[in-house]
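Report on one structure; see the data block that follows.
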Amino acid sequence: MKKKIMPVLTVLILIFIILVIIIASKKLKQYMPSNEEEDLTTYFGLTADDEIAIELNRSIIEEKAFQRDGEIYLDYHYVHDNLNDRFYWDANENMMLYTTADHVVKVSAESKDFYIGKKKNSRNYQIVLVDVDKTYLALDFVEEYTNLTYQFFEDPSRVLIQTEWGDITNVAVKKQTQLRVKGGIKSKILRELKKGDTLIKMEPMQEWTKVSTEDGLIGYVQNKRLGEETQKTESHAFEEEEFTHQVRDFAINMAWHQVTVQDANYAIADVLSRTKGLNVISPTWFYLNDNDGNIGSLASADYVKYCHDHNVEVWGLVSNLVNLEVDTTEVLTHTSKRENFANQIMAAAIQYDLDGINIDLEGLEGAVGEGFIQFIRELSLKCDGNGIVLSVDNYVSSEYTKFYDREEQAVFADYLIVMAYDEHYAGSEQAGSVASLGFVQKAADDILAENVPAEQVVLGMPFFTRVWAETPKDGDGDDVESASEEYVPYELSSEAVGMDEAQNRMTVNGAEKTWMEDCGQYYTEYTNNNVTYKIWIEDVKSIEEKLKVMDSHKFAGASFWKLSLENTSVWDTIIKYIH
């Protein structure tokens, strides 16, 4: 019996031993570091032979570069959005532009030549490549105009671009170890590290630290394998351009003068006589008149001379609001047409001895934003070369007007005028103030938040108000529509009137006004022939509240829309704040 049991026990013991060994082996393996190496091509996300990985400021990005004839090329949109947004690509005329403080640099596609102003220059590589619907820019050319450095490494191909500078911490490897993809011994190995190797410390954790090698491998090393730390300051000797501005040494007291026919210019003496302290007038003389960038004009040399004789500068306004058949986008997105537009403006400015130009291009869509900014850049150089002030009218800041890029405007233009009115306008769904105090304060705060210097900001204010009319609808309450919660029982319309006319209507209708602290305005309403009229009044007191905003923000001055709509007494208040 014993002889029969012994073999069975032996087998069971062997099975038990084997199980123990298997379990122990699994446990041991669980705590043993992995020796599996990461494929660096996969690590850098390369999927094609001609791709080059991009690492920007020690962060691997999805975008890829490529190499041709030894030159590295990056997608234009990546360059514009991440490295230098002053590069401008004209897809209509296949031309790359870059605007410096003094010149416009031009490069035609597939060319080794480029022009700085009229001077021809060359490089030993094609600067701009175009492939179907994509445009690429040589990294060496980008580097000439951008505060960046780069290094190129092979096996696999990668380019390390740096645009950020400052203090970094270097850490030495104190014992042979591995750089791993993630923080854990089971993570794949990026590189074997030797004692004394230097790494860049990025992000310390409890047991591991995120580091970078000098050739761009970013991974994790156990803290116990790291030794002495040293501090280093990274810098780059790049000379940033200095942009200057033609800002006046006096506060700007400006108003727009709406001129719609040539004969209106003869009224300048009467218009100026009703003002006090006005030192800049902007007549609405010039307008974009066709899709080739030509302008229409209502300008008058006698008008300018009269203003100059009375110590008033003339900043001629240029708009896109007269000939509504013109496609502003067409002009601004074609370099030749945009240049013609700017040249026409400058020719008129010189011809009529203007002191400044006031650009008022309204109703633009996001797609033309880059073209608009490039127009401001190019026009600013022409203005600067001729001693002419460039001011640009701007809507109040909002999500859907970001493309006007007020920060970049301020680099090139001399003044930005914030049109802090039309809070409620002709097409508004409900009645309200044209420019309540809160609206104006927010407009002032927001433009400073967009990094526009206060000394370049002119605060636009209204001399007009809106008389809102709520006319009851016919058959109100008799149909299904009237039963809806969203139903509005009246038709809303409005009319823009001047200060005196608003006061006259209030007086004629026996209306009383109430000061509204939150709006910084008087409010009145009255009923006439079953129509309810509502007015948020612009007058001397409301303008003073807005002038206080201008003053507290230390802006360059104010501008008013428009002359002839003001009560003459308002000028006594204006010169208290602008003198």
Side-chain angles (χ1 to χ4, degrees), residues 245-250 252-275 277-290 292-323 326 328 331-332 337-362 375-393 412-417 458 460 557 559-564:
H245 296 92
Q246 300 182 85
V247 291
R248 296 306 193 223
D249 59 1
F250 53 82
I252 303 298
N253 186 352
M254 170 182 169
W256 288 284
H257 179 203
Q258 188 173 28
V259 176
T260 57
V261 293
Q262 188 74 44
D263 286 349
N265 291 314
Y266 298 131
I268 184 58
D270 182 53
V271 168
L272 285 186
S273 70
R274 296 197 299 269
T275 70
L278 191 74
N279 52 37
V280 177
I281 191 169
S282 181
T284 60
W285 276 345
F286 308 107
Y287 53 93
L288 187 56
N289 201 31
D290 64 32
D292 291 322
N294 295 308
I295 65 172
S297 173
L298 295 168
S300 163
D302 290 339
Y303 181 111
V304 176
K305 185 178 185 306
Y306 186 87
C307 290
H308 286 173
D309 288 345
H310 290 78
N311 298 315
V312 176
E313 293 194 2
V314 181
W315 296 1
L317 181 142
V318 182
S319 81
N320 60 341
L321 304 174
V322 178
N323 187 343
V326 176
T328 307
V331 175
L332 296 183
K337 298 180 179 185
R338 192 176 58 248
E339 285 184 344
N340 183 49
F341 187 25
N343 288 337
Q344 295 250 328
I345 292 169
M346 289 313 305
I350 294 168
Q351 177 185 351
Y352 291 101
D353 193 25
L354 300 183
D355 306 281
I357 289 294
N358 177 231
I359 297 298
D360 185 32
L361 299 182
E362 300 187 26
F375 170 67
I376 298 302
R377 293 180 184 127
E378 293 167 3
L379 180 60
S380 75
L381 299 188
K382 297 179 187 294
C383 285
D384 189 54
N386 290 281
I388 293 170
V389 171
L390 176 61
S391 62
V392 185
D393 298 340
F412 288 89
D414 301 308
Y415 291 102
L416 271 63
I417 303 176
V458 175
S559 188
F560 306 93
W561 177 267
K562 62 180 179 172
L563 290 172
S564 79

*Taking it one step at a time, do Ile268 and Ile281 satisfy side-chain contact (heavy atoms from CB on, under 4.5 Å)?*
CA-CA 10 Å; Ile268 184 58; Ile281 191 169; 3.7 Å; yes
*Kindly determine whether Leu379 and Arg338 satisfy side-chain contact (heavy atoms from CB on, under 4.5 Å), including the steps that lead there.*
CA-CA 9 Å; Leu379 180 60; Arg338 192 176 58 248; over 6 Å; no
*With side-chain contact (heavy atoms from CB on, under 4.5 Å) as the test, would you mind laying out the steps for Ile417 and Trp256 before giving the verdict?*
CA-CA 12 Å; Ile417 303 176; Trp256 288 284; 3.6 Å; yes
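In summary, the side chains of Asp290 and Asn323 do not present any donor paired with an acceptor at a separation below 3.5 Å, with no hydrogens or angles considered.
For the salt bridge (charged side-chain N to carboxylate O under 4.0 Å, His left out) test, residues two or more places apart in sequence or in another chain that qualify with Glu339 are Lys106. With sequence neighbours excluded, no residue forms a salt bridge (charged side-chain N to carboxylate O under 4.0 Å, His left out) with Lys562. Residues that satisfy the side chain to side chain donor-acceptor pair (under 3.5 Å) test with Asp309, not counting sequence neighbours, are Lys305. The ring-ring contact (aromatic ring centres under 6.0 Å, His included) search around Tyr306 returns His310, not counting sequence neighbours. Qualifying ring-ring contact (aromatic ring centres under 6.0 Å, His included) partners for Tyr303, counting only residues two or more places apart in sequence or in other chains: His257, Trp285. Among residues two or more places apart in sequence or in another chain, the side chain to side chain donor-acceptor pair (under 3.5 Å) test is passed with Glu313 by Arg248, Trp315. Residues forming a salt bridge (charged side-chain N to carboxylate O under 4.0 Å, His left out) with Asp270 (at least two apart in sequence, or on another chain): Arg274. For Asn279, there are no side chain to side chain donor-acceptor pair (under 3.5 Å) partners two or more places apart in sequence or in a different chain. Asp414 pairs by the side chain to side chain donor-acceptor pair (under 3.5 Å) definition with nothing, not counting sequence neighbours.
Distance check: Ser380 OG to His245 NE2 gives 8.0 Å after rounding to the nearest 0.5 Å. In this structure, CG on Asp360 lies 12.5 Å from CG on Leu288, to the nearest 0.5 angstrom. Here the straight-line distance linking atom CZ of Phe341 with atom CG of Asn294 works out to 10.0 Å at 0.5 Å rounding. Here CG of Leu321 is found 8.5 Å from OG1 of Thr328. Values are rounded to the nearest 0.5 Å. Here CD1 of Ile295 is found 9.5 Å from CG of Asn340. Values are rounded to the nearest 0.5 Å. Here the CZ-CG distance, from Phe286 to Leu317, works out to 9.5 Å after rounding to the nearest 0.5 Å.
A 4.5 Å side-chain heavy-atom check between Leu361 and Leu332 finds at least one atom pair inside the cut-off. Residues Val458 and Val280 form no side-chain contact, since every pair of their non-hydrogen atoms from C-beta on lies 4.5 Å or further apart. Contact check for Phe560 versus Asn253: side-chain heavy atoms found under the 4.5 Å cut-off. Annotation: side chain of Trp561 is in contact with side chain of Gln258 (closest heavy-atom distance under 4.5 Å). You'll find the side chain of Asp302 stays beyond 4.5 Å of the side chain of Asn265, heavy atoms only.
Pairing each heavy atom of Gln262 with each of Ser300, the nearest pair is NE2-CB, 4.0 Å. What you find for Ser282 and Gly316 is that their closest heavy atoms are OG-C, 4.3 Å. Of all non-hydrogen atoms in Ile359 and Ile376, the two that sit nearest each other are CG2-CD1, 4.3 Å.
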Atom pairs and distances, side-chain donor-acceptor, residues 381-393, under 3.5 Å, sequence neighbours left out:
{"residue": "Lys382", "atom": "NZ", "partner": "Asn343", "partner atom": "OD1", "Å": "2.8"}
{"residue": "Asn386", "atom": "ND2", "partner": "Lys382", "partner atom": "O", "Å": "2.8"}
{"residue": "Ser391", "atom": "OG", "partner": "Ile357", "partner atom": "O", "Å": "3.2"}
{"residue": "Ser391", "atom": "OG", "partner": "Asn358", "partner atom": "ND2", "Å": "3.0"}
{"residue": "Asp393", "atom": "OD1", "partner": "Asn358", "partner atom": "ND2", "Å": "2.7"}

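Applying the side chain to side chain donor-acceptor pair (under 3.5 Å) test to pairs two or more places apart or on separate chains, those with a residue in residues 346-356 are His308-Asp355.
Surrounding OH of Tyr266 are at most 12 heavy atoms belonging to other residues, nucleotides or ligands under 6.0 Å away.
Formation of a donor-acceptor pair under 3.5 Å by the Thr284 side chain with backbone atoms of Val259 is found in this model.
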